[in-house]
Amino acid sequence: MYSPFRNSRAPCPPLNLCCVTLKRNNYEVLRQKVEGTIPSKKVSKFFSISSSNPVVVRHHLGRKIKKINDELAEIKDEVGGLGLISAVFSTERAPQASVSQDTHSFLDKSEQVIGRDRDVSQVIELLNVSRDDQVLSVVPIVGMGGLGKTTLAKLVVKEIKERKLFEETIWVCVSQNFNKQRILGEMLQDLSATNVGALSSLNPIVSQLQHRLQGKKFLLVLDDVWNEEPKEWESLKEELSIVCGSNGNVIMVTTRKRQTASIMETSPGHRHELKGLEDEECWSIIRKIVESGNGQGSMPGNLEVIGKDIARKCGGVPLAAKMLGGLMRKSKEERHWLSIRNNHVLDSIGNDAGILPILKLSFDHLPSYLKPCFAYCAMFPEDHDIRKEQLIQLWMAGGLLGTANDQSQLNSAWSGDQL
C-alpha cells in the first residue's frame with residue numbers, strides 16, 4: 001500500500017487522485033460538447049484548458065499534482081512535529097500466527113459438569129479398544145454445537161491422566177484452519193512448552209516431534225475440526241504416522257460435521273455420538289446458575305414450574321441451559337421468567353439452527369449500552385483469546401464508553417454475569 005511518509009521528499013500522488021483529476025477534465029470536455037460551447041477555431045482549441053489537447057491536459061494535471069505534492073509535504077512535516085513514526089504498510093494479508101489462542105485441555109475448577117459420566121466411560125472404552133495392534137487410530141466425538149464436545153474431551157483427558165493410560169497427552173484446537181504445519185507446530189509447542197516460531201518449515205518440526213515421542217504412546221486431541229477434504233486429512237495422517245514412536249497411539253477428534261468424522265475415523269461407525277441432556281439435567285444447570293450467590297433458600301414453587309418449562313425448551317443442549325440460566329438470574333420476577341418461556345425463539349433450539357436462537361435471545365436482553373460493546377467483539381477471529389483489559393481499552397478508543405455512567409454500568413455488568 002502506498003505510504004505518504006516513505007521518502008524524505010514529497011512522493012507522487014496516489015493513483016486514485018490522478019484518476020479523479022482526469023475524470024473532471026473529461027467531464028468538462030463532455031459538458032462543453034453537449035452545450036455546444038467548445039471553441040471551433042484551431043488556435044482557440046489548442047490553447048483551451050477545457051479541450052482534449054494532450055499538451056494542455058498534461059499542463060493542467062501537472063499543476064494539480066504539484067498542489068497535491070505540496071499538501072502531502074505539509075502533512076509529512078506535521079507528522080514529524082507530532083513525533084509519529086513512519087511506516088510502510090503492505091496490502092498483502094498478514095501471515096497467521098504460528099500459535100493460535102484457543103481452547104485448552106484444562107477444566108475450570110469451579111465448573112461442575114452434569115450428566116456426562118457415562119459418556120466419559122464410553123469414550124475411554126473406545127480409546128482402549130482402538131489401541132490394540134494399531135500404530136495410530138482415530139476416535140471422533142460428534143455432535144451439534146453447544147452439546148459440550150470440548151468439555152467431554154477435557155473430562156476424558158483428565159481421567160486418562162489420572163489413570164496414566166498414555167505417556168503423553170497433546171491438545172490442539174484446529175477450528176476451520178486445517179493447516180498441517182500449524183497443527184504439527186502446536187503439537188510440538190504443547191510438548192515442549194516453548195515457542196516454535198523459529199521452525200518455519202515442516203521438516204524440523206516433524207524431526208523434533210519424532211525425537212520427543214520416540215518410544216512413547218500418546219493421545220492427541222484435535223478439537224473443533226471442520227475439514228471435509230480427505231486429501232488434507234491424509235496428508236496430516238502421513239506426517240503423524242512418521243512421528244509415532246510405537247503402537248497404541250490414538251487421536252480423539254471433536255467435530256460437529258459427520259462428514260469430517262467419516263473421513264477421519266479408523267473404521268465406519270467407530271465414533272461417539274454425543275446426545276443431548278435430559279430435561280431434568282438441563283434444569284439442574286439452570287437452577288444452579290440462578291441460585292448461585294443469591295443467599296436465598298428454596299425457590300418459589302411458581303418459578304420452579306416456569307423454570308422446568310424453560311428447561312424443556314433447551315433441547316438437551318447444556319450451553320443453552322447455561323445461557324438461559326444467566327438470563328433468568330437477572331430477575332426473580334415471575335413476569336421476567338414468563339417472557340423468556342413464552343418467547344417463540346426458543347422453539348427452534350436443538351434443530352439445525354443450533355444455539356443461534358438462544359444467542360439472539362441473550363442479545364435482545366442485553367442493556368442498550370452493552371449491545372454495541374458485544375457487537376464490537378465480532379472483529380476478533382474465531383477462537384481468539386480476548387483479554388479483558390485490552391478489550392475495555394478498545395471500547396474506550398472506539399467511543400463506546402462515552403460517559404462516566406456508561407463506564408460504571410459496564411464495571412457492574414462485568415463483575416456480574418452479563419458479560
Review point. Does the side chain of E232 pick up a donor-acceptor pair with the side chain of N227 at under 3.5 Å?
Key: no
Rounded to the nearest 0.5 Å, what's the gap from [atom1] on [X] to [atom2] on [Y]? Could you check?
{"X": "C314", "Y": "M323", "atom1": "SG", "atom2": "CE", "value": "11.0 Å"}
{"X": "L370", "Y": "W395", "atom1": "CG", "atom2": "CH2", "value": "7.5 Å"}
{"X": "N203", "Y": "Q208", "atom1": "CG", "atom2": "CD", "value": "10.5 Å"}
{"X": "D190", "Y": "E186", "atom1": "CG", "atom2": "CD", "value": "9.0 Å"}
{"X": "L184", "Y": "L236", "atom1": "CG", "atom2": "CG", "value": "5.5 Å"}
{"X": "N249", "Y": "N247", "atom1": "CG", "atom2": "CG", "value": "7.5 Å"}

Treating [X] as the side-chain partner and [Y] as the backbone partner, does any N or O pair qualify as donor plus acceptor under 3.5 Å?
{"X": "K149", "Y": "I141", "value": "no"}
{"X": "T255", "Y": "K257", "value": "yes"}
{"X": "S292", "Y": "I289", "value": "yes"}
{"X": "R182", "Y": "V174", "value": "yes"}
{"X": "R287", "Y": "G307", "value": "no"}
{"X": "T266", "Y": "V138", "value": "yes"}
{"X": "S192", "Y": "L188", "value": "yes"}

With the side chain counted from C-beta on, respond yes when [X] and [Y] share a heavy-atom pair under 4.5 Å apart, and no when they do not.
{"X": "V243", "Y": "E239", "value": "no"}
{"X": "F178", "Y": "T260", "value": "no"}
{"X": "F166", "Y": "K216", "value": "no"}
{"X": "I285", "Y": "L277", "value": "yes"}
{"X": "R256", "Y": "M144", "value": "no"}
{"X": "L191", "Y": "F218", "value": "no"}
{"X": "V135", "Y": "S241", "value": "no"}
{"X": "R258", "Y": "R271", "value": "yes"}

Exercise for review: Decide side chain to side chain contact (heavy atoms under 4.5 Å, CB included) for V157 and K161; before the verdict, give the C-alpha distance in whole Å, the side-chain angles of both, and the deciding distance to 0.1 Å.
Suggested key: CA-CA 6 Å; V157 168; K161 287 182 176 179; 3.7 Å; yes
Minimum heavy-atom distance between [X] and [Y], given as atom pair plus value:
{"X": "L147", "Y": "R116", "answer": "O-NH2, 3.0 Å"}
{"X": "H270", "Y": "E265", "answer": "N-OE1, 3.6 Å"}
{"X": "D224", "Y": "T254", "answer": "N-OG1, 2.7 Å"}
{"X": "A321", "Y": "I286", "answer": "O-CG1, 3.4 Å"}
{"X": "V120", "Y": "E159", "answer": "CG1-CB, 4.4 Å"}
{"X": "W337", "Y": "K332", "answer": "NE1-CA, 4.2 Å"}

Practice item. Might you work through the side chain to side chain contact (heavy atoms under 4.5 Å, CB included) test for R163 and I124, ending with a clear yes or no? Key: CA-CA 11 Å; R163 293 167 59 178; I124 290 179; 3.8 Å; yes
**Study point:** Pair W233-V225, side chain to side chain contact (heavy atoms under 4.5 Å, CB included): steps then yes or no
**Key:** CA-CA 11 Å; W233 161 239; V225 180; over 6 Å; no
Over 12 foreign heavy atoms within 6.0 Å of [atom1], [X]:
{"X": "K371", "atom1": "NZ", "answer": "yes"}
{"X": "E125", "atom1": "CD", "answer": "no"}
{"X": "Q214", "atom1": "CD", "answer": "no"}

Practice item. Kindly determine whether D279 and K308 satisfy side chain to side chain contact (heavy atoms under 4.5 Å, CB included), including the steps that lead there. Key: CA-CA 8 Å; D279 292 341; K308 288 184 176 181; over 6 Å; no
Point to revise | Salt bridge flag under 4.0 Å for residues E229 and K231 | key: no
Review point. Salt bridge check: are R312 and D309 linked by an N-O gap of less than 4.0 Å?
Key: yes
